[in-house]
There are 2 protein chains.
Amino acid sequence: MASVTIREVAELAEVSIKTVSRVLNNERYVKEETRKKVENAIHKLGFVASIPARRLASGQSYTIGLIFHNASWHYIQDVQKGVMETAHQYGYSTLLHPCDITSENNAHGIMNLVYQKQVDGFIFTPPADNAKGLILELKNIQFPFVRLTPMDRESQLPYVSATDKQGAFDMTMYLIQLGHTRVGYIIGPQEQRAAHDRFAGYTDALQEAGIRFDQSIVMQGDDHFESGYSAASKIVSLQNRPTAIFCNNDEMAAGAMSAIFEAGLKVPEDISVAGFDNIPLSRQIWPPLTTVEQPISEIAEMATKHLIALLRGEEVECLHCNIPTRLVIRKSTR
Amino acid sequence: MASVTIREVAELAEVSIKTVSRVLNNERYVKEETRKKVENAIHKLGFVASIPARRLASGQSYTIGLIFHNASWHYIQDVQKGVMETAHQYGYSTLLHPCDITSENNAHGIMNLVYQKQVDGFIFTPPADNAKGLILELKNIQFPFVRLTPMDRESQLPYVSATDKQGAFDMTMYLIQLGHTRVGYIIGPQEQRAAHDRFAGYTDALQEAGIRFDQSIVMQGDDHFESGYSAASKIVSLQNRPTAIFCNNDEMAAGAMSAIFEAGLKVPEDISVAGFDNIPLSRQIWPPLTTVEQPISEIAEMATKHLIALLRGEEVECLHCNIPTRLVIRKSTR
DNA sequence: CTGAAAGCGCTTACAG
DNA sequence: CTGAAAGCGCTTACAG
């Protein structure tokens with residue numbers, strides 16, 4: 001366990017430790033011959049640099065904190081993948097930090113990561129970015145962060161979103177073109193920006209098609225399966241029920257389908273169902289779900305690149321990015 | 001950004017930095033009065049200790065590496081939750097390390113985490129533990145690790161498993177008691193210990209019930225939806241098809257159900273389907289899936305506690321733990 | 001292109 | 001119960 005240090009490498013290579021450090025960090029201004037000597041010594045001794053030492057000496061953690069709400073482990077999966085892969089590619093680690101956004105003192109835990117020097121920057125997923133005070137504090141001390149689909153869109157702060165409104169508009173139009181004139185809707189949680197945007201896309205499409213908005217076939221959900229199930233149960237039992245239901249996300253759409261089946265009806269024969277997100281679940285239920293693809297990994301990747309650029313003090317192309325969505329037509333609609 | 005250090009706290013409290021360190025680490029032998037003075041100073045200055053400094057000085061990372069196969073982000077979710085929560089509870093961080101077990105040099109990346117002093121111990125999820133050379137190397141240098149459901153069960157090395165064989169036995173018996181005499185089976189990937197154990201539970205149950213094992217209604221799968229789908233497609237088109245299909249995991253069971261529906265048959269009226277794991281998906285398909293609950297979070301929690309005990313040099317109760325499974329009866333069987 | 005010195009902010013090992 | 005010294009293994013800032 002007594003591991004090799006930079007000092008031993010320097011001795012063997014007959015250079016100073018600073019020169020070894022230069023080679024390790026790929027700095028310029030090292031004579032090719034010297035570099036070779038050092039590399040040989042490193043190889044011979046099986047030297048691997050200590051990350052904690054580097055972190056302490058440099059004052060940087062080379063780590064990105066990914067902040068998300070406890071309750072959204074599912075949504076977080078693709079984000080996690082996108083962030084971790086991109087971060088790794090640029091030599092950064094990722095620190096996952098699930099937290100309870102409903103708790104008053106979650107900001108404390110997050111600020112501690114800063115003061116403990118565990119992270120150099122943050123990525124926030126919704127609705128973890130709703131903590132106003134926290135965001136303000138980070139902004140004040142100029143600590144870098146990028147948010148995913150944040151609620152407020154103050155123009156100074158960077159964020160990455162999907163084209164949620166357009167996506168929902170497209171899907172609603174698709175349903176209308178299929179001949180549906182009564183399209184029900186299950187809304188997502190109010191604290192999420194995307195829920196508002198998607199709903200707006202739905203109402204815009206109705207308007208454009210000249211269809212009157214009908215409040216009675218619109219229900220509030222919370223993005224979980226159960227709420228899709230119960231909302232759809234109510235919609236299905238309506239006197240004049242819709243011929244299609246569009247849900248804020250795939251999980252609620254799956255819940256809606258279960259409710260429809262339980263009521264003895266068929267999808268899509270009796271009612272068409274559409275979702276949003278294109279998570280694996282949407283392919284794993286029967287019939288496979290028509291949905292709007294939200295390229296979560298891509299969003300996460302973009303956000304990570306943006307953050308790393310900030311950390312490196314590089315120029316950033318777009319302060320606010322909107323990644324396009326696209327329709328995925330499967331068998332739950334007709 | 002010029003943050004407060006232990007030195008400034010010591011000055012304000014009029015003690016040595018060592019005493020501040022004692023208070024920070026909750027060591028005994030600090031006079032109550034001194035402790036108060038230090039705590040006041042900490043509070044007044046808003047001091048937060050630097051983690052990288054602590055790591056370098058102590059030679060410990062207080063971090064657990066969670067090693068899993070790239071391709072199993074889904075399975076990993078509950079493991080991740082269990083490990084992270086338990087680790088956090090004991091003051092440890094978690095470093096996620098997805099890797100490609102099929103790659104020859106994945107061992108290198110993992111050993112680097114050790115040499116870079118990024119982690120104090122590992123938890124391996126299957127099939128990430130199949131790298132024989134790596135396991136041997138870790139064992140040789142006595143680096144602590146705990147494996148989840150490992151393939152080999154060398155008695156020296158700690159692991160945590162579920163009672164996979166018993167669980168599959170119970171489910172098969174349940175199906176037989178329901179009146180099924182022809183129960184098909186979709187096997188899991190050969191590189192997974194659990195796949196072997198579960199299949200053994202199935203054959204044991206058949207034997208105990210005096211039912212002849214029929215190779216023709218047993219198919220090989222790989223735990224993914226698609227393989228469940230294609231295996232079930234074949235089973236369904238058999239002349240003398242079974243009246244029930246038991247799958248190595250829930251995802252394949254969902255795939256099997258889709259294949260059955262596509263063939264114009266009904267679940268459970270024409271064919272009963274059962275899975276294993278009890279992942280969220282099992283409740284989100286219709287009809288909801290009868291399955292065997294594998295308490296993944298609990299397994300992960302147990303493994304983490306075990307590992308931390310090793311790190312602390314504490315006694316460990318059970319070197320090899322087997323967490324019990326239980327039947328979850330829903331509507332996909334009758 | 002290379003190096004000597006100082007320091008990052010803690011803990012360890014020892015002494016009292 | 002408390003402290004002075006040394007050191008963890010690197011990087012920074014500066015000098016040449």
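Sequence lines set the chain letters: A, B, ... in the order given, protein chains first and strands last, and positions in each chain run from 1.
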- Does the pair B/Glu301/B/Lys305 count as a salt bridge with the N-to-O cut at 4.0 Å?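 Looking at B/Glu301 and B/Lys305, the cut-off is met.
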Check: Are A/Ser50 and D/dG9 close enough that a side-chain N or O sits under 4.0 Å from OP1 or OP2?
Finding: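 The answer is no; no side-chain N or O of A/Ser50 sits under 4.0 Å from OP1 or OP2.
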Respond yes when some side-chain nitrogen or oxygen of B/Ser21 is under 4.0 Å from OP1 or OP2 of C/dC10, and no when none is.
->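 Result: no.
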I want to verify a distance call: between [options], whose nearest atom is closest to the [X] side chain?
X: B/Lys31; options: C/dG9, D/dT2, C/dT11; result: D/dT2
X: B/Ser58; options: D/dG9, C/dT11, D/dT12; result: C/dT11
X: B/Ser3; options: D/dG3, C/dG9, D/dT11; result: C/dG9
X: A/Arg54; options: C/dC1, D/dT11, D/dG3; result: D/dT11
X: A/Phe47; options: D/dG9, C/dC10, D/dC10; result: D/dC10

Here's a test for you: under salt bridge (charged side-chain N to carboxylate O under 4.0 Å, His left out), which of B/Lys139, B/Arg147, B/Lys132 qualifies with B/Asp152?
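For B/Asp152, the salt bridge (charged side-chain N to carboxylate O under 4.0 Å, His left out) test succeeds with only one of B/Lys139, B/Arg147, B/Lys132, which is B/Arg147.
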Starting from [atom2] on [N], measure out to [atom1] on [X] and report it in whole angstrom.
X: A/Arg7; N: D/dA6; atom1: CZ; atom2: C1'; result: 13 Å
X: A/Glu8; N: D/dC8; atom1: CD; atom2: C1'; result: 13 Å
X: A/Ile17; N: C/dA4; atom1: CD1; atom2: P; result: 9 Å
X: A/Lys117; N: C/dG9; atom1: NZ; atom2: P; result: 6 Å
X: B/Ile51; N: D/dC8; atom1: CD1; atom2: P; result: 21 Å
X: B/Glu14; N: D/dT2; atom1: CD; atom2: C1'; result: 15 Å
X: B/Ile6; N: D/dA4; atom1: CD1; atom2: P; result: 13 Å
X: B/Glu11; N: C/dG9; atom1: CD; atom2: P; result: 14 Å

Assign [X] to base, sugar-phosphate, or nothing according to its heavy-atom contacts below 4.0 angstrom with the strands shown.
X: B/Arg22; answer: base
X: A/Lys18; answer: base
X: B/Leu24; answer: nothing

Can you find an N or O donor on one side and an acceptor on the other, under 3.5 Å apart, linking the side chain of B/Arg55 with the base of C/dG9?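 It does not, because no donor-acceptor pair links the side chain of B/Arg55 to the base of C/dG9 below 3.5 Å.
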Note to self: Tell me if the CD atom of B/Glu14 is crowded by more than 12 foreign heavy atoms within 6.0 Å.
What the structure shows: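 Incorrect, the count does not exceed 12.
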Within 6.0 angstrom of B/Met302 CE, more than 12 heavy atoms from elsewhere
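For B/Met302, atom CE is not crowded (no more than 12 foreign heavy atoms under 6.0 Å).
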Mapping B/Arg28 and A/Glu27 to their closest nucleotides on DNA chain D, which lands nearer the 5' end?
->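 Counting from the 5' end, the first nearest nucleotide belongs to B/Arg28.
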Looking at C/dA4, which nucleotide sits across from it as a Watson-Crick or G-U wobble partner, both distances under 3.5 angstrom, or is there none?
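None - no nucleotide pairs with C/dA4, as no candidate has both distances under 3.5 Å.
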Q.
B/Val20 and side chain to side chain contact (heavy atoms under 4.5 Å, CB included): which single residue from B/Val30, B/Leu12, B/Val9 fits?
A.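 In the set B/Val30, B/Leu12, B/Val9, the residue that makes a side chain to side chain contact (heavy atoms under 4.5 Å, CB included) with B/Val20 is B/Val9.
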Just checking B/Phe122 against B/Phe143, ring centres under 6.0 Å apart?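 Ring centres of B/Phe143 and B/Phe122 closer than 6.0 Å.
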Closer to the 5' end of DNA chain C via nearest nucleotide, is it A/Thr19 or B/Thr5?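 Result of the comparison: A/Thr19.
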